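These numbers were taken from a predicted model, which means no experiment stands behind them.
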Amino acid sequence: MPSNNEKLKYNVVFNVSIIISIIITAYGLLFGEGMGKLAGTLMHGVTVYFGWFYLLLVAAFVVFNFWMAFGRYGSIVLGPDGSKPEFSTISWFAMLFGSGMGIGIIFWGFAEPITHFAKPPFGLVPGSEAAAQFSMLASFMHWALHPWSCFGAMGLALAYFQFRKGYPGLISSLFVPLIGKERVAGPIGKLIDIIAVIATILGVCTSLGLGTMQINGGLSYLLGVPNSPMSWLAIVVAIAFLYIWTAVSGVDSGIKLIGNINLALAMLLLVASFIVGPTLFDLNILTNTIGSYFQNIIIESFKLNTFGDNDWTRNWRVFYWAWWLAWAPFVGTFIARISKGRTIREFVLGVMIIPSIIAALWFSVMGGLGLNLINIIGLEKLTEYASSPETAFVNIFAHYPFGTVLDVIVICLVATFFVTSANSATYVLGMLTDNGAMFPAKKKLLIWGILQAIMAYALMLSGGLTALQTASIAGAFPFLFVMIGGCAGLVLALSKEKLPVSKVAEYEEAAEDNVADLNLR
């Protein structure tokens, strides 16, 4: 048996991924401006020429998830028959929500509604009722069912193959039904896993950098902490210590603990903001936007202006879809890891419905706080707030009771979201580069945790963070085809499943009833 050091030495996915990550960091550090131009060119090409593909694919994932939940395979357990969930429902949801939404929901929960309200597209009048309705509908579209459908499709396929079929927890395992075990174990499978690793570390590093900026912005407003490289370094080191410690502690202790704390803080902020804010206004927004969301979801899912300007669609909707798909390998792998013992139906409803409800409540309350200010500070000031999304929350809370207390909660919440995203990503990187191990080597977790922090800080210093975000989204384009292949592999494997005896009897009884009914007619 090879030792752990030998495994580390000869692991192709681990070694190649480390080398590529270092090259990207060095390039961004030395040529940040050039990286930005290259990334911008790639992103422009992807969104202009393949925007239609992103819209179709993400809509297809929404349908795919619900088909899985309510089709004939919904009762199949993600594990051996009779398996029980490894984690309580609350802890399960806390971990998947923290890994899936990350700090983005804090960053944009305040900023996105007021941005679309103050600077709406499609000829809408800034600050108008129509602009307000559009801003909330767009926020619901970008943060509810569609992003979670990307995570759900990937996570479901991975959980099925890992726990039901006993394959390693690797993205390449999804392709066993399509190309066979031999090819999956060879260069093709290694390439698939390397793509997943690079997509994961690039996406998470940008979130670490953006989260650092937001924490620094809040501390600067509250305590006068300077917005400087030294402040960034202190924040990155502190957060890195927490996420590495919780990742090394394992899913059942450190990651679960911080996930539960994160969910509790999020609910505290949501309830407190609802109480101190325009409560009736928030309720009206929620009710109206839910109706608008379900009325327009099909149109909005495929919305492209064939004969006119698509700048907003490309810069917002397609950008979001590309971003969620770039996060799918990391979030999907982590959600799969914590979902053993749940049925397909339970998995889909837990991943799709509950987070969508939370997102709807979140944007109704936080968006309501911002939109309500139009009559207090005017459109010009609100537009100014929208132009600085990293500090939008402190500017908005300043106009409400207990604003400073809420600011403190937000900063703490950003930190916990920061940690939940980073520790789950670190764990996933460990799994993907340790042959899909359920409990990856602590040495690898430590290496990936430190490398993420170094990459994020180095790119912040060089100004290459935004370029990296754009590059990570454009660079994840090949992963779209990996996801399509993974879903195809899942369907093929499920088609060979034997339904539980009780379910077979139910289907036979239903078929007999249908035949009898037709004969009577």
Side-chain angles (χ1 to χ4, degrees), residues 104-147 269-270 272-301 303 305 308-320 356-401 403 406 410:
I105 199 169
I106 306 295
F107 192 85
W108 290 110
F110 298 92
E112 183 167 355
I114 62 173
T115 298
H116 298 322
F117 181 55
K119 297 180 285 187
F122 309 127
L124 296 174
V125 177
S128 66
E129 181 181 346
Q133 292 177 345
F134 172 81
S135 71
M136 295 309 305
L137 174 60
S139 299
F140 273 42
M141 284 293 300
H142 296 157
W143 293 87
L145 290 175
H146 288 75
L269 179 64
L270 182 64
S273 300
F274 178 71
I275 292 172
V276 305
T279 304
L280 181 59
F281 185 60
D282 292 344
L283 292 172
N284 289 339
I285 286 177
L286 176 64
T287 305
N288 180 71
T289 311
I290 287 175
S292 178
Y293 179 68
F294 285 110
Q295 182 181 7
N296 294 285
I297 187 170
I298 295 178
I299 294 174
E300 291 293 323
S301 295
K303 191 172 184 178
N305 189 347
D309 182 17
N310 278 309
D311 282 350
W312 184 89
T313 302
R314 287 197 300 265
N315 294 334
W316 283 91
R317 184 142 304 153
V318 175
F319 182 90
Y320 263 124
S356 296
I357 292 173
I358 298 298
L361 293 170
W362 188 272
F363 277 88
S364 295
V365 172
M366 306 310 171
L369 289 170
L371 299 184
N372 183 59
L373 293 180
I374 186 68
N375 297 320
I376 301 173
I377 62 174
L379 181 61
E380 183 177 350
K381 196 67 175 177
L382 200 59
T383 304
E384 181 183 323
Y385 290 174
S387 65
S388 302
E390 69 277 1
T391 56
F393 72 94
V394 293
N395 290 322
I396 289 173
F397 278 143
H399 300 278
Y400 291 98
L406 295 174
V410 171

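Exactly one residue among Trp316, Phe319, Tyr320 makes a ring pair (Phe, Tyr, Trp, His ring centres under 6.0 Å) with Trp108. That residue is Trp316. Each of Leu286, Thr287, Ile290 was scored for a side-chain contact (heavy atoms from CB on, under 4.5 Å) with Ser364, with one residue passing: Leu286.
Judged by distance alone, the side chain of Ser292 and the main-chain N or O of Thr289 form no donor-acceptor pair under 3.5 Å. A distance-only check finds a donor-acceptor pair linking the side chain of Asn315 to the backbone of Asp311 [under 3.5 Å]. In terms of modelled atom types and a separation under 3.5 Å, the side chain of Tyr400 and the main chain of Leu369 share a donor-acceptor contact. When atom types are taken as modelled, the side chain of Asn288 and the backbone of Asn284 share no donor-acceptor pair closer than 3.5 angstrom. At distances below 3.5 Å, at least one donor-acceptor pair connects side-chain atoms of Arg317 with backbone N or O atoms of Glu300. When atom types are taken as modelled, the side chain of Asn305 and the backbone of Asn310 share no donor-acceptor pair closer than 3.5 angstrom.
In this structure, the side chains of Ser273 and Phe397 come closer than 4.5 Å at one or more pairs of heavy atoms.
With a 6.0 Å cutoff to the six-membered ring centre and a 45° limit on the axis angle, Lys303 does not count as a cation-pi contact of Phe134.
Ring centers of Tyr385 and Phe110: at least 6.0 Å apart, outside the cut-off.
Aromatic ring orientation, Phe363 versus Trp143: tilted (interplanar angle from 30° to 60°).
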